[in-house]
Amino acid sequence: MAFADELAAGLQARPRAVAPKWFYDAAGSELFERICELPEYYPTRTEFALLDRHAEAMAELIGPRAEIVEFGAGASRKVRVLLDALRSPRRFVPVDISGEHLAAAAARLRSDYPALDVCPVVADFTQGAPALMPAAGRRVGFYPGSSIGNFDPDDALRLLQRFAGWLGGGGLLIGVDLVKDPAQLHAAYNDERGVTAAFNLNLWARANRELGADFDLAAWAHSAFYNPPASRIEMHLVSRKAQTVRFGGQRFEFAEGDSVHTENSYKYTVEGFQALARRAGWSPRAVWTDAARRFSIHWLEPRGE
Ligand code: AVJ
């Protein structure tokens, strides 16, 4: 479904909810890059350190002449650490919903890795299989950043199952954020500079730009909190007053305090994620974590029957 239809349906639903994939237009992708550099946002920095430190071991497990398919590739920065360690990687296939972002990142990669075949695919892989060419070598999935955390456990299970199908026997290297002190989680999604708030509010700004909606950004508050029984951060946009928003010939009414759920970010234990991966048909073969156990990277191989 397109943004207009999903947004309208999400605002009519109760509870109101919009999928986080709609954050990532050009402005939202830029705001996300700024989040990754915030002192409070530990996942990016921690995952980079893990990649740096263990790239050789990862490359060994992946093997030579591989084709790397990155899901939700964004700026494709992390994969460079992997590409630098891999032996003769054949092809890199970044898959992303944001086309502008993807083309720019692919151009930079081609000039930095002339021997690599860079084949970007613009696709919403949450809606179905991306159109991949026949594999150029052992096809290995790369899904860093704990983006898997955006999915409810049931959807995460289904996505992991589908990855197994699309990768056709290759492995999956996946980054997963870990449960930890709620205060640390809270700070990571409520940064002092307000970048996460701007990222959240960009959903409405995008609707104004693309759909001619009339969201008054000052009338909405960013809300992010940890929900311990669900092991997830929830982000919401909360109406500061009674208001009406219009777009696409429709009116949407909000009372003061009404909220629109814009994102979940699930946190796992290492064992909890491995159990999920097993249920999805994978064999967890290696896991790397930092000393403070903030973040994990898992190497999964398809379970041979
Ligand atoms: C890209 C989904 C991993 O959940 O931490 C960052 C997105 N949202 N700050 C996350 C996000 C608010 C991020 N993921």
Side-chain angles (χ1 to χ4, degrees), residues 17-48 50-51 70-79 94-98 101-102 105 124-126 141-153 155-156 159-160 173-206 220-227 230-238 259-268 273 290 294-298:
V18 183
K21 65 185 178 193
W22 300 111
F23 284 138
Y24 301 92
D25 66 344
S29 300
E30 243 164 71
L31 284 164
F32 180 65
E33 308 266 297
R34 282 178 59 200
I35 288 176
C36 292
E37 278 157 26
L38 291 169
E40 297 98 332
Y41 195 73
Y42 62 86
T44 311
R45 177 169 325 112
T46 311
E47 189 177 39
F48 257 118
L50 287 173
L51 284 168
E70 180 171 355
F71 299 103
S76 300
R77 271 197 248 290
K78 288 170 189 159
V79 77
V95 181
D96 202 278
I97 190 170
S98 173
H101 220 60
L102 200 55
D124 177 1
F125 59 84
T126 66
F142 185 47
Y143 197 38
S146 201
S147 298
I148 191 74
N150 271 167
F151 300 93
D152 288 340
D155 288 332
L159 189 59
L160 290 173
L173 194 62
I174 179 168
V176 181
D177 198 10
L178 298 176
V179 291
K180 60 181 58 64
D181 176 6
Q184 238 185 82
L185 288 169
H186 187 89
Y189 295 83
N190 291 277
D191 64 279
E192 240 170 68
R193 293 175 180 77
V195 182
T196 308
F199 173 73
N200 199 5
L201 283 161
N202 178 59
L203 192 62
W204 291 171
R206 177 182 187 178
W220 293 86
H222 163 71
S223 169
F225 55 87
Y226 188 59
N227 174 342
S231 306
R232 70 188 190 204
I233 286 279
E234 294 185 19
M235 289 213 313
H236 297 257
L237 287 165
V238 182
S259 91
V260 183
H261 191 170
T262 53
E263 182 170 46
N264 283 322
S265 186
Y266 282 84
K267 310 303 170 187
Y268 289 88
F273 182 75
D290 55 303
R294 286 195 183 94
F295 200 90
S296 60
I297 300 179
H298 299 251

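Just follow the structure's listing: the first ligand is 1, and inside any ligand the first atom is 1. Only a predicted model underlies this, so the values are computations on that prediction, with no experimental measurement involved.
Taking 4.5 Å as the limit, some side-chain heavy atom of T126 sits within range of a side-chain heavy atom of F151.
Relative ring orientation between F225 and H236 is described as parallel, the plane-to-plane angle staying below 30° on a 0-90° scale split at 30° and 60°.
Counting only residues at least two apart or in different chains, salt bridge (charged side-chain N to carboxylate O under 4.0 Å, His left out) contacts with residues 34-47 comprise E47-K78.
Remark: the backbone N or O of I97 is not paired with any side-chain donor or acceptor of D124 at under 3.5 angstrom.
Listed by chain and number, the residues in a salt bridge (Lys or Arg N to Asp or Glu O under 4.0 Å) with E263 amount to none (sequence neighbours excluded). For E70, there are no side-chain hydrogen bond (donor to acceptor under 3.5 Å, both in side chains) partners at least two apart in sequence or on another chain.
The protein residues lying under 4.0 angstrom from ligand 1, judged by non-hydrogen atoms, are Y24, F32, I35, Y41, G145, S146, S147, N150, Y189, T196, F199, M235, E263, S265.
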